[in-house]
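We count residues from 1, following the sequence as given.
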Amino acid sequence: MHFTHVDNLPAILGTGRLIADSCVGGHLVTEVGSVDIKASRRSRLVTCPPGGFVADYVPFYFAPRSPMMYRIARDHQAGKIGLYPDGDDPLVYLVSSVDRVHRAGLPWLVSDGNCASVLTRFSGSLDDLVSMVDWPLMREISWNNVPDDQDRMRRRMAELLVHREFPLELLAGYSVRTKARETQLRRLLRSAGIIDPYVAVRPDWYYGYTRREVRE
């Protein structure tokens, strides 16, 4: 699951691909990532082929409601000055799968946790993918650290990292928080010539959702 601000989609759809942070330059209309985290990813070495830095890869999480999205929602609720102000409501999930990436022959890696952590390991092996990702934790709503496991947050931030570019034809679909965002997204997709895409409204993939939103 890769998420981006809805305002970035016209440029993304126009190029037909997601591009790694180190290659995209200043082309994002709305940047939701924090400056400090992006800087750390530009200097964090990847320890297996094809190598380079974490910022040379397009990132995908294995679960919604990531700690990164929580930070975005929390900063919005706190009204922090100088940071991205709009919260998680305008964010759109672009969803794919490891199978699609692997079958397409794209160079990819898996991390077993937060790529900024010195504890995190990398691998390009499908066998390692099974063991390195904490799959039960990916299915849980809560990922906070607890007294007998102080590493849950790091592991929840495991990523699939696709080297340099990810073609949009490998997407399985898109997810948004509300019906209004679905309408907006479908309009953008039609303008880009994408007919009948799979778009799901999943408020439970976001923070601050209500049970009523989920029922609707």
Side chain S96, main chain L170, donor-acceptor under 3.5 Å:
yes
The test is side chain to side chain contact (heavy atoms under 4.5 Å, CB included); show your working for Y93 and V176 and say whether it passes.
CA-CA 6 Å; Y93 282 99; V176 292; over 6 Å; no
Quick check for you: to the nearest 0.5 Å, what is the distance between M1 atom CE and L160 atom CG?
12.5 Å
The criterion is side chain to side chain contact (heavy atoms under 4.5 Å, CB included); which residues satisfy it with R17, sequence neighbours excluded?
T15, I19, E165
If you look at every heavy atom in A63 and M138, which pair is closest and at what distance?
CB-O, 3.3 Å
Quiz question: by atom type and distance under 3.5 Å, do the side chains of S97 and D99 form a donor-acceptor pair?
no
Of all the heavy-atom pairs spanning A55 and A20, show the shortest one and how long it is.
O-CB, 3.4 Å
Looking at side-chain heavy atoms only, is the closest gap between V32 and M68 below 4.5 Å?
no
If Ile, Leu, Val, Met, Phe, Trp and Tyr residues are connected whenever their side-chain heavy atoms lie under 4.5 Å apart, and connections chain through other members, are L168 and W108 in the same group?
yes
Could you tell me whether R177 and E182 make a salt bridge, using a distance below 4.0 angstrom between a side-chain N and a carboxylate O?
no
Should side-chain heavy atoms under 4.5 Å link Ile, Leu, Val, Met, Phe, Trp and Tyr, which residues sit in the same cluster as Y57?
V46, V54, L109, F122, L161
Does the side chain of P10 reach to within under 4.5 Å of the side chain of L188, using non-hydrogen atoms?
yes
Sorted by chain and number, sequence neighbours left out, ring pair (Phe, Tyr, Trp, His ring centres under 6.0 Å) with F62 holds for W135
Would you please indicate yes or no on a ring centroid separation below 6.0 angstrom for Y70 and Y206?
no
Any link between V98 and L18 through a network of hydrophobic side chains (Ile, Leu, Val, Met, Phe, Trp, Tyr) touching at under 4.5 Å?
yes
Quick check against the 3.5 Å criterion: does N145 have a side-chain atom that pairs as donor or acceptor with the backbone of M153?
yes
Looking at R44 and S117, would you say the former's side chain and the latter's main chain have a donor-acceptor pair under 3.5 Å?
yes
Is there a side-chain contact between L13 and I194 (heavy atoms, below 4.5 Å)?
yes
Let me check something: do V201 and L94 share a hydrophobic cluster, defined by ILVMFWY side-chain heavy atoms less than 4.5 Å apart, either directly or through other members?
yes
For residues P50 and H163, report the shortest heavy-atom separation together with the two atoms involved.
CG-CG, 3.8 Å
Flag the pair V199 / L189 as yes when at least one side-chain heavy-atom distance between them is below 4.5 Å, and no otherwise.
yes
Would you check if the side chain of R190 reaches a backbone N or O of D196 as a donor-acceptor pair within less than 3.5 Å?
no
Indicate the atoms forming the closest heavy-atom contact of S40 with A116, along with that distance.
OG-CB, 3.9 Å
Between Y61 and A158, the two heavy atoms sitting closest are CD2-O, 3.7 Å
Rounded at 0.5 Å granularity, tell me how far NE2 in H5 sits from CD1 in I12.
11.5 Å
Taking only residues two or more places apart in sequence, or in another chain, which ones meet D112 in a side chain to side chain contact (heavy atoms under 4.5 Å, CB included)?
T120, R121, M132, R154
Residue pair V133 / L129, side-chain heavy-atom distance below 4.5 Å:
yes
Report the residues that fulfil ring pair (Phe, Tyr, Trp, His ring centres under 6.0 Å) with F60, sequence neighbours left out, ordered by chain and then residue number.
H2, F166
Could you list the residues that satisfy side chain to side chain donor-acceptor pair (under 3.5 Å) with R202, not counting sequence neighbours?
D204
Whether K38 and D21 form a salt bridge (side-chain N of Lys/Arg under 4.0 Å from carboxylate O of Asp/Glu) is what I want to check.
yes
Within the structure provided, determine whether V95 and L171 are in side-chain contact (heavy-atom separation under 4.5 Å).
no
Using a 3.5 Å distance criterion without hydrogens, assess whether the side chain of R41 forms a donor-acceptor pair with backbone atoms of D56.
no
Heavy atoms only: give me the nearest R186-P197 pair and the separation to one decimal.
NH1-O, 3.5 Å
Between the side chains of R187 and Q184, does any donor sit under 3.5 Å from an acceptor?
no
Using 0.5 Å steps for rounding, measure from the CG atom of L91 to the CZ atom of R181.
8.5 Å
Is there a salt bridge (Lys or Arg N to Asp or Glu O under 4.0 Å) between R71 and D36? Walk through the geometry before answering.
CA-CA 13 Å; R71 178 174 176 170; D36 58 332; 3.4 Å; yes
Side chain to side chain contact (heavy atoms under 4.5 Å, CB included) evaluation trace for R152 with D134:
CA-CA 9 Å; R152 283 166 55 86; D134 187 340; over 6 Å; no
Using modelled atom types only, decide if a donor and an acceptor are shared between the side chain of Y207 and the backbone of S66 within a distance under 3.5 Å.
yes
Distance-only, no hydrogens or angles: does the W143 side chain make a donor-acceptor pair with backbone N or O of R65 under 3.5 Å?
yes
Taking the side chain as every heavy atom from C-beta outward, state whether I72 and F3 have any pair of such atoms under 4.5 Å apart.
yes
So SG of C115 and CE of M157: to nearest 0.5 Å the spacing works out to 8.5 Å
